[in-house]
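Just so it is clear: chains get the letters A, B, ... in the order the sequence lines come, proteins before strands, and each one is counted from 1.
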There are 2 protein chains.
Amino acid sequence: MIMSIETDIKQKKFRSPYQRLALNLVYTTNWLEYKQLEIFKDYDITSQQYNVLRILRGQKSVPIKVSEITERMLDKNSNTSRLVDKLLAKNLAERKSCPNDRRAVDVVITKEGLELLEKLDPFVEEWENRFNIISPEDAERISALLDKLRESDNQ
Amino acid sequence: MIMSIETDIKQKKFRSPYQRLALNLVYTTNWLEYKQLEIFKDYDITSQQYNVLRILRGQKSVPIKVSEITERMLDKNSNTSRLVDKLLAKNLAERKSCPNDRRAVDVVITKEGLELLEKLDPFVEEWENRFNIISPEDAERISALLDKLRESDNQ
DNA sequence: ATACATTTAATGTATAAACATCTATTTATT
DNA sequence: AATAAATAGATGTTTATACATTAAATGTAT
């Protein structure tokens, strides 16, 4: 039995399909992030820290600057410097001084960081499998529409 | 020129259309919420506080209990008690004792609260107009898919 | 009626987010 | 070369969030 956004936030009707979609996007994404949080909290990291770790793993041990991490973050407003601090304290990442620019700081993932991600992988995959009820074509179409939605910013 | 999620988070490729959609949902919703924040900060309220005010206005001066507000919130984890505190401090809402259940607290929006919402209405409408680039049918279809996505929780 | 459990909202506390400011280094200008 | 501007990242501070606990009122079972 499908619980529509109407029943979930107990709002009987919406002004338009657009208002319905707007609220549904915020509500569903909150819900998705909460589900992620439930996975991560057993391993004592936050979604933001996980996001940084994923970016570091994607680098395959090629160092990446703090500013470049920020550019790749899903939440551009997050304080990457402090996030890296947290990862450092847990031995999940390492700071290296950047020889060609002494302002910059290079970051790499540690063995412990990689191991943590490997432990998390099956849970995150399971989380992602929720999306399988959507056809791949629909998934691509929605992605394209979301891209288009953000387009209104760059002109 | 459309900036795809690939360029926005500088990730060249995704494991599947589902991973792409998952990241796009989080990224786009963050972006949408940030745009909202920019509206609200000029009027010194947060998205959460705005959400409560909208719920209160929807009641049309019929008192609503704190627990009922929580049920209608987009973010169910928010501390409604403290949010109402903030609205109270700014004279945007009022607390009333609930005669038939002395544990409960009834909340109503004030004249000042209604006036603030009226001032915000055109900006929020403008924010919502971003969605007009999507056809109403597509908007409804995406909403239905998001509903379906959350379905996996209740069985 | 009493004891126990549940509900409702408030509060305490630790952590994180938002935003501005600061320091060191690099780049650009004159 | 000397000065000004820009950039990278760290830090300070205020506010919000997450989560647990508390206090009072109500519901339920014996």
In whole Å, what is the span from the NZ atom of A:Lys41 to the C1' atom of C:dT15?
14 Å
Separation of A:Asp75 atom CG from C:dA17 atom C1', in whole Å?
9 Å
What residues in residues 52-67 of chain A put a non-hydrogen atom under 4.0 Å from any atom of DNA chain D?
A:Lys65, A:Val66, A:Ser67
Spacing of CG belonging to A:Leu32 relative to CG belonging to A:Leu37, to within rounding of 0.5 Å:
12.5 Å
So, for A:Asn91 and A:Glu112, which heavy atoms are closest and what is the spacing to 0.1 Å?
O-CB, 3.4 Å
Distance, rounded to the nearest Å, where A:Phe40 contributes CZ and C:dA16 contributes C1'
16 Å
Partners of B:Asn79 by side chain to side chain donor-acceptor pair (under 3.5 Å), sequence neighbours excluded?
none
Would you indicate whether B:Glu126, at its atom CD, is surrounded by more than 12 heavy atoms from other residues, nucleotides or ligands within a distance under 6.0 Å?
no
Rounded to whole Å, the CG-P distance (A:Asp44 to C:dA14) equals 16 Å
DNA chain C-proximal residues of residues 93-104 of chain B, any heavy atom under 4.0 Å
B:Arg95, B:Arg103, B:Ala104
Under 3.5 Å, which donor-acceptor pairs do the side chains of residues 40-47 of chain A form with other protein atoms, sequence neighbours left out?
unit_1  : atom_1 : unit_2  : atom_2 : d
A:Thr46 : OG1    : A:Gln49 : N      : 3.2

Scan residues 79-90 of chain B for pairs that pass salt bridge (charged side-chain N to carboxylate O under 4.0 Å, His left out), counting only residues two or more places apart or in two chains.
B:Asp85-B:Arg95
Among residues at least two apart in sequence or on other chains, which ones pass ring pair (Phe, Tyr, Trp, His ring centres under 6.0 Å) with A:Tyr18?
none
Round to a whole Å and report the spacing from CD1 of A:Ile45 to C1' of C:dA16.
15 Å
Please list, chain by chain and in numerical order, all residues satisfying side-chain contact (heavy atoms from CB on, under 4.5 Å) with A:Glu128, sequence neighbours excluded.
B:Arg15, B:Ser16, B:Gln19
When you match B:Val105 and A:Leu83 each to their closest nucleotide on DNA chain C, which lands nearer the 5' end?
B:Val105
Residue closer to the 5' end of DNA chain D, A:Arg82 versus A:Asp106 (nearest nucleotide):
A:Asp106
Going by salt bridge (charged side-chain N to carboxylate O under 4.0 Å, His left out), name the pairs with one or both residues in residues 53-73 of chain B, residues two or more places apart or in two chains.
B:Arg57-B:Asp121
On a heavy-atom basis, which atom in B:Val52 and which in B:Leu83 lie closest, and how many Å separate them?
CG2-CD1, 4.0 Å
Mind checking B:Thr46 for me? I need base, sugar-phosphate or nothing, with any heavy atom below 4.0 Å counting as a touch.
sugar-phosphate
Shoot me the first and last contacting nucleotide of DNA chain D against chain A, ordered 5' to 3', at under 4.0 angstrom to non-hydrogen atoms.
D:dT7 to D:dC19
Run the side-chain contact (heavy atoms from CB on, under 4.5 Å) test against B:Asp138 and tell me which residues pass, sequence neighbours left out.
A:Leu145, B:Ile134, B:Ser135, B:Arg141
For residues A:Leu23 and A:Leu21: do they belong to one hydrophobic cluster (side chain heavy atoms under 4.5 Å, members Ile, Leu, Val, Met, Phe, Trp, Tyr)?
no
List in chain and number order the residues that pass salt bridge (charged side-chain N to carboxylate O under 4.0 Å, His left out) with A:Lys111, two or more places apart in sequence or in another chain; answer none if no residue qualifies.
A:Glu115
How far does the helix from C:dA1-D:dT30 to C:dT30-D:dA1 bend, going by the axes of its first and last five pairs, to the nearest 10°?
20°
Tell me the interatomic distance from B:Asn79, atom CG, to C:dA17, atom P, rounded to whole angstroms.
18 Å
Answer yes when A:Arg20 and B:Glu140 have at least one side-chain N-carboxylate O distance shorter than 4.0 Å, and no when they do not.
yes
